[in-house]
Amino acid sequence: MATSQPLILPGAGPFALYTVFKVTGDRAAVVKQCQQVHQLVKTLNEQQDADLRASIAFGKSFWLGFEQGCPEGLTEFVELGKGDVTAPATGGDILLHLNSSRHDLNFLLLRQFMEPIADQLEVMDETYGFKYLDARDMTHFIDGTENPSTLEARQDVAVIKDGEFAGGSFVMLQRFVHNLPAWNRLNIQAQEKVIGRTKPDSVELENVPAASHVGRVDIKEEGKGLKIVRHSLPYGTVSGDHGLLFIAYCHTQHNFEVMLESMYGETDGKTDQLLRFTTAVTGAYFFAPSLELLNAL
Ligand code: HEM
Ligand code: MG
């Protein structure tokens, strides 16, 4: 069976780095460096104790340049919502996702990755994520409770099983900027109704409101729950932008689309109440090929 990229299946360590690039120069040189990334990680892991892992993924229009065919259902991100509640589509050619137990080594790996190709690409977004408290989002609700936890479950949800793209994953990324003063004006009960779970210990409410976050994204199709593997982490500075870098992996892009349409009012007119307190400033889909296909590009 084809091998999924090393970051995807293990649970996330406490530090991540999410970098989105636009390729402006020598495509072949950039692709060659993408193929080096797991070797760079391996070398750093041999020198340092970091549990560093990476995944590299490509936006649709960049992927089509490989002439390898297109994973079924892969599209560029499409803007959603209306009025104050919108999800912009910002795209990107390449996503480098790093996760480790050390902030400094994520930084160092990105430097090593970029050094030989710095003139060939532009950084569209470089966001450092960190585990916050006991795995809470900055709303102070636990994030990740319903994430598939066993390796088998994560593999089942995140990785394409058969066909020419076996071992690959679809990736969705959105950077959210929170409005915490507005959020903190709600009392705990009101906050719990927005999320659909309890605040101290993340227990699902007996009556999950339809427009709560969980009410929007806990979706069944033909009796089966739609699942994704989330790798999101909080990011930012107190005085500047801060919030959640949402990122998830799935064997199909469909699950992301259904969840987003439900959150942004396109399914039944109801919008996710969480979006009153946080705004997406980026949005992109990528495809992370298996290690074997990455090396064959
Ligand atoms: C669940 C926070 C965006 C998909 C949750 C939970 C929290 C949370 C607190 C409940 C605990 C858990 O099961 O993890 C947030 C925040 C977001 C955000 C703060 C943005 C600022 C998104 C987006 C999607 C998504 C954009 C997908 C398009 C999910 C899913 C669950 C979940 C699938 C599990 C639902 C279940 O099966 O019960 N999120 N989320 N989230 N979220 Fe989000
Ligand atoms: Mg559920």
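Values reported hereafter were calculated over all heavy atoms of this structure, with side chains retained and with hydrogens, waters and symmetry mates removed. Every number for a ligand or one of its atoms is a count from 1 in the order of the listing. For the single chain, residues carry numbers from 1 onward in sequence order.
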Just by modelled atom types, is the Leu7 backbone N or O under 3.5 Å from a matching donor or acceptor in the Arg53 side chain?
-> no
When only distance counts, is Glu146 in polar contact with ligand 1, meaning an N/O pair under 3.5 Å?
yes
Next item on the list: Examine Asp137 against ligand 1 and note whether any of their N/O atoms are separated by less than 3.5 Å.
Entry: no
A student checking ligand 1 against Gln174 at a 4.0 Å heavy-atom cut-off should list atoms 26 (C)
If you compare Asp143, Thr145, Val217 by their heavy atoms, the one closest to atom 35 (C) of ligand 1 turns out to be Val217
I'd like to know whether the aromatic ring centres of Phe113 and Phe21 sit less than 6.0 Å apart in this structure.
yes
*Is the Phe170-His251 ring centre distance short of 6.0 angstrom?*
no
Is the ring centre of His178 less than 6.0 Å from the ring centre of His242?
no
Please state whether Asn147 comes within less than 4.0 angstrom of ligand 1, counting heavy atoms only. no
So for ligand 1, is His178 a polar contact partner (N or O within less than 3.5 Å, distance only)?
no
Among Thr279, Thr278, Ile142, the residue with a heavy atom nearest to atom 9 (C) of ligand 1 is Ile142
Note: ligand 1 atoms sitting under 4.0 Å from heavy atoms of Arg197 are 10 (C), 11 (C), 38 (O)
Note: ligand 1 atoms sitting under 4.0 Å from heavy atoms of Val214 are 38 (O)
Aromatic ring proximity Tyr132/His140, centre distance under 6.0 Å
yes
Check whether any side-chain N or O of Trp63 sits under 3.5 Å from a backbone N or O of Phe58 as a donor-acceptor pair, and report yes or no. no
Take a 6.0 Å sphere around CD of Glu46 and say whether it holds more than 12 heavy atoms from other residues, nucleotides or ligands. yes
For Leu274, the ligand 1 atoms with a heavy-atom partner under 4.0 Å come out as 15 (C), 16 (C), 17 (C), 19 (C)
Quick one: does Gly144 get an N or O within less than 3.5 Å of an N or O on ligand 1?
yes
Gln253 and Thr75 side chains, donor-acceptor separation under 3.5 Å | yes
